[in-house]
Amino acid sequence: MSLVTPAKLVPTSYKNGKLYSLKGTEVTSGLSPQIFGPEKQRTMYMTDDESIESYEKYFQDSSIELVEPSISSISGGSIHPDGASSYELRASLVTPTSFVSARHQDAYQSNFGSDFLENGSLDSLDVDRLMKLKLQALERALLDDSDAEEEEEAMFGTSQSMEIDPNIAEWADPIQSMQLDDSPKESSSSGSNLSSISIAKEISRISQTPKHLLYECAVALSEGNEEETLSRINGLRQMVSIQGEPSQRIAAYMVEGLAARLAESGKGLYKALKCKEPPSSDRLAAMQILFEVCPCFKFGFIAANNAIIEATKDELNVHIIDFEINQGSQYINLIQQLASRSNKPPRVRLTGVDDPESVQRSVGGLNVIGQRLEKLAETLGLPFEFRAVASRTNLVTPSMLNCHPGETLVVNFAFQLHHMPDESVSTVNERDQLLRLVKSLNPKLVTVVEQDVNTNTTPFLPRFSEAYKYYSAVFESLDITLPRESQDRMNVERQCLARDIVNVVACEGEDRIERYEVAGKWRARMTMAGFVSSPMSTNVTAEIRNLIKMYGDRFKIKEEMGALHLGWEDKNLIVASAWK
C-alpha cells in the first residue's frame with residue numbers, strides 16, 4: 001500500500017504534481033518522472049517552458065531563526081544578578097532549535113565594566129549603553145532565565161555540550177565546530193552580538209544545503225513523519241539538478257530514493273531502470289559504460305585480469321568461470337593479453353553465467369556475447385571457446401560448469417558477490433554457499449572485485465549517510481572523465497547509479513539487492529570459505545599506479561593486506577583481491 005497520495009503533493013514541485021505508475025507494475029511511486037521517465041526526456045527537474053536554472057535555487061527559509069525585538073521593548077530587568085548575560089547557540093539537525101546557556105554573567109559584567117572604564121567619554125558611554133541594550137534585547141529574545149537552563153538540563157543533561165547521534169556526527173560537524181570556535185564565551189561583549197548573529201546565519205546556511213536537508217528528510221522518514229518527509233522531498237526537488245555540480249546530482253537521486261521509500265515503490269523502480277540491458281546488440285549497456293569511464297571500476301577489472309595472467313603464465317589449458325559476465329567487456333582486454341604472451345598462448349575456455357530473464361535476452365542471449373569474444377580471439381590467434389550457462393547463480397551446480405581434468409581453473413567474481421543474499425537476509429546464506437561451491441571446484445585462483453562500502457547490514461540512517469558519501473565520490477570522479485553535457489554520463493548516472501541508490505535507500509529485506517560489504521568483511525568471508533590470500537604482485541600494482549596517473553592525482557591506490565584499494569581522494573571505492 002502506498003503511503004503517498006496525489007492530494008498530498010505540493011502542486012508547485014513540477015507544475016504537475018501527479019504521481020505516476022511504472023509500466024508493467026501496480027506500484028504507485030512518488031518519484032519524479034523527469035528523472036526516471038522515458039529516454040526522450042533528456043532534461044530532468046524542468047518542464048518544457050522552464051529553464052533548468054529555475055530548479056537550482058536554494059531554500060530561503062532559515063532552519064534557525066534569531067529574533068531580536070526592538071530596543072524600546074526591553075526593560076532594565078533583563079539582566080539578572082544570578083543568571084544570564086552571555087548565551088550559547090545550539091542546533092539539532094533533526095529539529096533546529098536555539099537555546100541559551102546562562103553561566104557567564106560575571107564574565108559579561110567584567111568585560112562591559114572594563115570597556116566602560118577604558119572609554120569614559122560621553123560618546124563611548126553612549127556606544128556602550130547602546131551595545132548593552134542590544135545585548136539585553138538579544139538576551140531577552142533567546143533567554144527565559146532559569147526555565148531555559150532547566151529545559152536545557154532536561155534535554156541534554158548538561159549545559160556545556162551537545163550530544164550528537166554518532167550516526168550523524170559527520171553531518172553535524174560543521175555546525176558543532178562553529179559553536180566551539182565562535183562561542184560567545186571567548187568573545188568580548190562589544191563583538192558578541194554581531195558574532196552571534198553571524199554564527200546563526202552560518203548555521204542557517206549550512207542547514208539549508210542539500211546534504212543537510214537530505215538527512216533531515218531521512219530522519220523524518222525514519223520517524224514515520226510522512227507529512228514532513230513529503231514536504232522536504234518536494235522542497236529538495238526544487239533545489240537539485242542532474243545537470244548541475246556533483247553535489248546537486250547526487251542529491252537529485254538520493255531524494256528520489258527517499259521518495260521511493262516513502263511510496264514503497266523501490267522494488268518496482270529498481271526493476272524498471274535499465275542498467276545491465278544494452279539498448280541494442282551493437283551498443284554497450286549503461287553499466288558497461290560505467291565500468292569503462294570510471295577509473296576505479298575500470299582498474300578493478302585490470303587488477304583482476306593481471307592477477308589471472310600471472311597465475312596462468314605457464315599453463316596451456318585455462319578454464320575461466322564468470323558468475324555474472326554481463327556483456328563480457330572485461331574479457332576483451334584479457335583475450336588481448338593472453339594472445340600477446342611471449343610463449344605459446346594457452347587454450348582458453350570461458351564459461352559465462354548470467355540470468356537469462358534479464359540482461360541478455362534483448363540482444364539474443366549469452367551466445368551473442370560468446371560469438372563476439374570468439375571472433376576477437378580468432379582474429380588474435382588465441383584458441384578460445386565460450387560456453388553459456390543461462391541460469392540464476394543460486395541455482396548453479398558443479399555439473400553445469402563442465403570442468404575438465406587437467407585444466408587450470410580460475411573463477412572471477414567481478415561486482416557479483418554482493419548480489420547474493422547473506423545470513424542477514426536468509427538462513428540459506430547464498431553468498432557463503434556460492435563460495436563453498438567454488439572452493440569444492442579446487443580453483444587455482446579466485447579474483448574478487450567489489451565496492452568497498454557497507455550497505456548490507458547497517459540500519460537505514462547510517463546506511464543512507466554512507467551511501468551519500470560513497471556515491472558523492474563516484475559522481476565527483478565522473479566529472480573528471482566525462483563532460484557535464486555528456487549523454488553517456490547522464491545515462492550512467494540515471495540508469496546505473498540511480499538504480500543502485502534507490503535500492504540501497506528505499507528497499508529492505510529480500511528486496512534490497514545491492515548489498516555491498518567493506519574489504520575486511522570480504523576478507524573474512526573468503527577466509528572462512530577456506531581460501532588463502534594471494535597478494536597482488538608488485539608488477540600488477542606498479543602497472544595500475546602508472547595508468548591511474550593519467551587521470552590525475554585525485555584518484556588514489558593503496559595496497560592493504562594483499563588487496564588493492566582504488567579510490568577518489570580519501571574515499572575508498574573499489575577493492576580488488578585474489579585468492580587461492
Side-chain angles (χ1 to χ4, degrees), residues 1-14 16-22 27-36 44-45 55 57-64 91-97 165 167-168 171-172 204 206-241 247-270 455 458-468 471 498 501-509 511-512:
M1 173 182 176
S2 172
L3 298 178
V4 182
T5 61
K8 293 183 181 179
L9 281 174
V10 176
T12 58
S13 292
Y14 299 108
N16 181 3
K18 294 182 179 179
L19 303 176
Y20 79 103
S21 299
L22 297 171
V27 181
T28 301
S29 171
L31 306 185
S32 164
Q34 284 87 338
I35 286 190
F36 300 111
M44 305 173 198
Y45 295 102
Y55 293 100
K57 66 182 185 294
Y58 286 87
F59 274 157
Q60 299 301 316
D61 298 327
S62 173
S63 60
I64 298 180
S92 165
L93 287 176
V94 177
T95 307
T97 60
D165 187 335
N167 292 330
I168 64 170
W171 301 70
S204 176
I206 290 178
S207 65
Q208 292 178 62
T209 62
K211 176 180 178 180
H212 282 273
L213 291 174
L214 276 170
Y215 193 81
E216 290 177 355
C217 184
V219 170
L221 182 55
S222 70
E223 294 174 346
N225 191 334
E226 299 171 25
E227 183 176 352
E228 180 182 349
T229 300
L230 188 56
S231 174
R232 290 189 179 277
I233 286 172
N234 285 317
L236 277 162
R237 282 173 169 168
Q238 305 297 327
M239 301 173 64
V240 296
S241 165
S247 61
Q248 285 209 342
R249 304 201 311 266
I250 177 65
Y253 295 114
M254 293 294 285
V255 73
E256 297 308 327
L258 291 172
R261 188 178 181 91
L262 178 64
E264 299 181 344
S265 61
K267 180 180 179 180
L269 186 59
Y270 179 75
T455 63
T458 49
F460 167 64
L461 280 178
R463 185 171 76 243
F464 181 87
S465 175
E466 188 64 24
Y468 181 94
Y471 287 105
I501 288 169
V502 165
N503 190 254
V504 168
V505 172
C507 298
E508 298 292 346
D511 293 338
R512 182 146 47 86

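Excluded from the calculations below are hydrogen atoms, water molecules and symmetry mates; all remaining heavy atoms, backbone and side chain alike, are included. This chain uses plain numbering: 1 for the first residue, then up along the sequence.
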Kindly determine whether M239 and Q248 satisfy side-chain contact (heavy atoms from CB on, under 4.5 Å), including the steps that lead there. CA-CA 8 Å; M239 301 173 64; Q248 285 209 342; 5.8 Å; no
Tightest non-hydrogen contact, residues I233 and C217, listed as CG1-SG, 3.7 Å
Considering residues at least two apart in sequence or located in another chain, which fulfil the side chain to side chain donor-acceptor pair (under 3.5 Å) criterion with D511? none
Separation between OG of S222 and CZ of R261, rounded to the nearest 0.5 Å: 8.5 Å
Mind checking whether T458 and E466 have side chains closer than 4.5 Å, heavy atoms only? no
So how far is it from L236 CG to L214 CG, rounded to the nearest 0.5 Å? 5.0 Å
Given side chains that start at C-beta, do those of L213 and K211 come closer than 4.5 Å, heavy atoms only? no
For a quick test of reading the model, state the closest non-hydrogen atom pair linking A506 to G266 and the distance between them. CB-CA, 3.9 Å
Taking every heavy atom of R463 against every heavy atom of V505, the minimum-distance pair comes out as NH2-O, 4.3 Å
Which residues pass the side chain to side chain contact (heavy atoms under 4.5 Å, CB included) test with A218, not counting sequence neighbours? L258, F460, L461, F464
Are any non-hydrogen side-chain atoms of I501 and I250 less than 4.5 angstrom apart? yes
Taking every non-hydrogen atom, the tightest pair across T229 and N225: OG1-O, 2.7 Å
Do you know the tightest heavy-atom contact between R512 and C507? NE-O, 3.0 Å
